[in-house]
K.L.:
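After the structure tokens below, expect a handful of questions from me.
The chains referred to below are lettered A, B, ... by the order of the sequence lines, with proteins before strands, and numbering in each begins at 1.
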Number of protein chains: 2
Amino acid sequence: MKLLRNTLLETFVAVVDSGGFTDAQFALGITQSAISIRIRDLETALGYRICERGRGGFRLTERGEIAYNKARDILRSARDFDAELLELRGITTGDLRIGVIDAVNTLAELKLEKSLKQFLDRPNEVRLEIVVASPTELTQRLITGELHVAIAPFRNQVAELSYTELCQEEHRLYCGREHPLYDFPDEQIDKEVIAHYQICQRSYNMLDPPNLQLNHPKAIVANMEAMATLIETGHYLGPLPVHFVESRRQSKSLRELAPSLLHWTSTFYLATRSTSLYRRAVELFVEDLVRCCGSDT
Amino acid sequence: MKLLRNTLLETFVAVVDSGGFTDAQFALGITQSAISIRIRDLETALGYRICERGRGGFRLTERGEIAYNKARDILRSARDFDAELLELRGITTGDLRIGVIDAVNTLAELKLEKSLKQFLDRPNEVRLEIVVASPTELTQRLITGELHVAIAPFRNQVAELSYTELCQEEHRLYCGREHPLYDFPDEQIDKEVIAHYQICQRSYNMLDPPNLQLNHPKAIVANMEAMATLIETGHYLGPLPVHFVESRRQSKSLRELAPSLLHWTSTFYLATRSTSLYRRAVELFVEDLVRCCGSDT
DNA sequence: TAAGCAATATGATATTTTTTCATGTACAAA
DNA sequence: TTTGTACATGAAAAAATATCATATTGCTTA
């Protein structure tokens with residue numbers, strides 16, 4: 001049972017997500033009439049129209065748009081609130097919303113899979129949600145409470161969050177088979193040489209090869225797969241995590257450039273809100289993750 | 001009408017605040033049976049008992065205590081959420097919860113009264129709440145959202161809040177009629193002399209006379225009235241805001257010590273949450289206050 | 001330009017939830 | 001033991017919310 005009943009808001013959100021009343025019937029398990037009435041009631045309560053509907057299609061009004069976003073937020077925190085109170089029974093329940101940076105599943109040192117398994121092996125009623133996003137976005141979503149924990153190489157840390165070091169990720173510079181440097185002997189490669197070629201970067205400048213001069217127009221990607229693709233075209237050099245390259249078939253089509261010269265690491269952190277409300281599920285998962293990562297490095 | 005209906009939690013909070021079911025009837029405007037049923041339902045939903053009741057008296061259980069605090073928090077944010085959505089109509093409504101340090105009403109430069117009047121003169125449906133507390137507490141309550149704005153001489157400012165300078169408050173050191181220094185000529189008073197007497201301080205060390213050596217056991221107070229009382233005993237010297245002393249009868253029984261030597265000022269700030277949700281009422285009051293304070297200084 | 005259709009609104013009725021009223025139970029104090 | 005207070009409970013009433021059938025509306029389409 002739910003502690004807070006937000007029938008009207010839940011209906012509103014479901015209607016928006018379903019793009020109209022008709023489809024929301026199935027999402028909500030009530031008839032279209034009921035939905036119609038609920039939306040009317042909500043509009044009466046608010047004193048303004050939240051959406052245009054009818055044969056012309058479904059569309060939020062300007063205020064409706066604002067209301068929708070706020071409603072989603074409050075529903076999420078209502079769920080978390082429920083979970084907090086229910087967890088006082090000793091049962092692990094509610095949402096656990098985890099954010100990670102992309103290409104994290106092959107980072108063996110992180111032990112994400114192992115700790116998730118440990119967490120889930122315990123008796124629990126947790127609804128898991130995993131989101132992939134950039135460190136900046138993850139930070140933002142942690143602060144708003146949209147995420148409970150996030151895992152990424154956070155470079156600029158903010159006061160609202162607290163960070164725990166998890167592991168290191170090793171990076172090298174790679175080129176594709178078609179690239180002029182592909183057949184170059186390592187001994188002849190140095191930063192001077194590298195500087196002649198275009199380099200592809202991640203949009204959040206977090207994996208920059210340190211001390212590399214980037215004189216040339218460079219490509220920007222927001223995702224590891226995209227990075228690999230661009231490097232494979234043979235047009236760009238680019239940094240990639242070693243585990244990422246080694247875990248895939250195409251590794252043969254990529255070449256590490258002067259690994260003794262061009263290698264660097266980034267530190268992965270677990271981030272949570274400093275002033276987090278107590279949630280057993282979050283607590284337990286953090287424990288599991290930190291334990292698994294700490295066990296051998 | 002309310003957007004979020006938290007019947008169960010509202011009942012719970014009202015019952016706790018009324019100290020039992022019987023009195024909560026009047027607070028809630030429903031019969032005792034209804035309350036009994038609601039509390040039972042809440043306990044069923046939670047899966048644990050939240051309070052002991054019966055002829056033996058009313059008492060929260062351990063978990064009930066936790067639940068009560070969380071419930072109060074969520075109800076407050078639900079009210080604010082309602083206000084946010086309702087204010088999209090253009091009507092100023094909802095709570096406006098203001099925190100101030102004590103003895104603020106005689107600080108003329110602050111123009112608190114004038115700006116409150118301006119604010120309230122506008123058509124509005126705002127429920128005002130004014131809380132008096134120490135700067136530390138005010139900071140805490142702002143962060144949790146318990147307060148919307150706070151006014152005090154904040155000395156250590158935190159990142160979560162943003163501060164606007166409002167005005168200055170002038171302080172002097174005073175002694176009571178019975179104090180040995182009461183009849184001392186100002187010329188003979190210096191820090192050396194002062195250091196021989198006990199000084200009373202505010203518990204948040206914010207109005208400390210700068211550069212005063214406090215060698216002697218000193219008294220601590222958390223409130224301006226208390227400070228005045230202790231000074232009037234003739235046993236302590238103590239700092240007081242000038243406006244505070246001048247605005248009351250007893251000023252004759254207090255003496256400023258070497259005002260040319262011993263005077264200092266503290267800066268009053270208005271603090272709000274940096275990442276505050278948009279509330280028209282809050283916005284307007286802040287405008288009013290800043291305008292009134294800025295108009296002449 | 002009217003018929004057809006798809007999306008929502010509405011009125012009457014059914015169902016469920018919540019409240020009250022009357023009464024029962026338990027327990028501390030007299 | 002009695003009494004009175006504080007809460008619990010069952011039945012009935014009231015209120016809120018749902019459904020079903022049908023109306024309305026505006027956009028296609030012929």
K.L.:
Testing the basics here: between M227(B) and Q201(B), what is the closest heavy-atom pair and its distance to 0.1 Å?
P.N.:
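Scanning both residues completely, I find the closest heavy atoms to be CE-C, 3.8 Å.
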K.L.:
Nearest whole Å is fine: how far is dA28(C) C1' from F58(B) CZ?
P.N.:
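After rounding, the reported distance stands at 18 Å.
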K.L.:
What is the distance, to the nearest angstrom, from the CD atom on E10(B) to the C1' atom on dT18(C)?
P.N.:
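From E10(B) CD to dT18(C) C1': 15 Å.
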K.L.:
I need the CD1-C1' distance between I30(B) and dC21(C), as an integer number of Å.
P.N.:
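That distance rounds to 14 Å.
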K.L.:
Can you tell me the distance, in whole Å, between the CD atom of Q25(B) and the C1' atom of dA8(D)?
P.N.:
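Taking atom C1' of dA8(D) as the reference, CD of Q25(B) is at 13 Å.
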K.L.:
Distance only, no hydrogens: is a donor on one side chain within 3.5 Å (strictly under) of an acceptor on the other, for R280(B) and T92(B)?
P.N.:
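Yes, T92(B) and R280(B) have a side-chain donor paired with an acceptor closer than 3.5 Å.
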K.L.:
Rounding to an integer number of Å, can you tell me how far R53(B) CZ sits from dA26(C) C1'?
P.N.:
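Answer to the nearest Å: 13 Å.
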K.L.:
Could you write out each protein N or O paired with an N or O of nucleotides 9-13 of chain D at a distance under 3.5 Å?
P.N.:
{"unit_1": "dT9(D)", "atom_1": "O4", "unit_2": "S33(B)", "atom_2": "OG", "d": "3.2"}

K.L.:
Assess the side chains of Y68(A) and D17(A): does a donor N or O sit below 3.5 Å from an acceptor N or O?
P.N.:
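Note: Y68(A) and D17(A) side chains meet the donor-acceptor criterion.
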K.L.:
Can you tell me how far apart CD (E160(A)) and OG1 (T144(A)) are? Round to the nearest 0.5 Å.
P.N.:
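So the gap between those two atoms works out to 11.5 Å.
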K.L.:
Please state how far atom CG in L42(B) lies from atom P in dA8(D), giving the value in whole angstrom units.
P.N.:
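It works out to 13 Å between those atoms.
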K.L.:
Using OP1 and OP2 only, check whether a side-chain N or O of T31(A) sits under 4.0 Å from dC20(D).
P.N.:
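Checking dC20(D) against T31(A), no side-chain N or O comes under 4.0 Å of OP1 or OP2.
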K.L.:
Taking atom P of dT10(C) as reference, at what distance in whole Å does atom CZ of R38(A) sit?
P.N.:
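Those two atoms, CZ and P, are 17 Å apart.
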K.L.:
Assuming nearest nucleotide by heavy-atom distance, tell me which of G20(A) and R5(A) is located more 5' along DNA chain C.
P.N.:
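Its nearest nucleotide being more 5', the pick is G20(A).
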K.L.:
Expressed in angstrom and rounded to an integer, what is the separation of E52(A) atom CD from dT8(C) atom C1'?
P.N.:
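That distance rounds to 12 Å.
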K.L.:
CZ of R59(A): more than 12 outside heavy atoms within 6.0 angstrom?
P.N.:
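Check fails, neighbour count at 12 or below.
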K.L.:
In terms of side-chain geometry, is the basic nitrogen of R248(A) or E225(A) positioned less than 4.0 Å from the acidic oxygen of its partner?
P.N.:
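Yes, R248(A) and E225(A) are salt-bridged.
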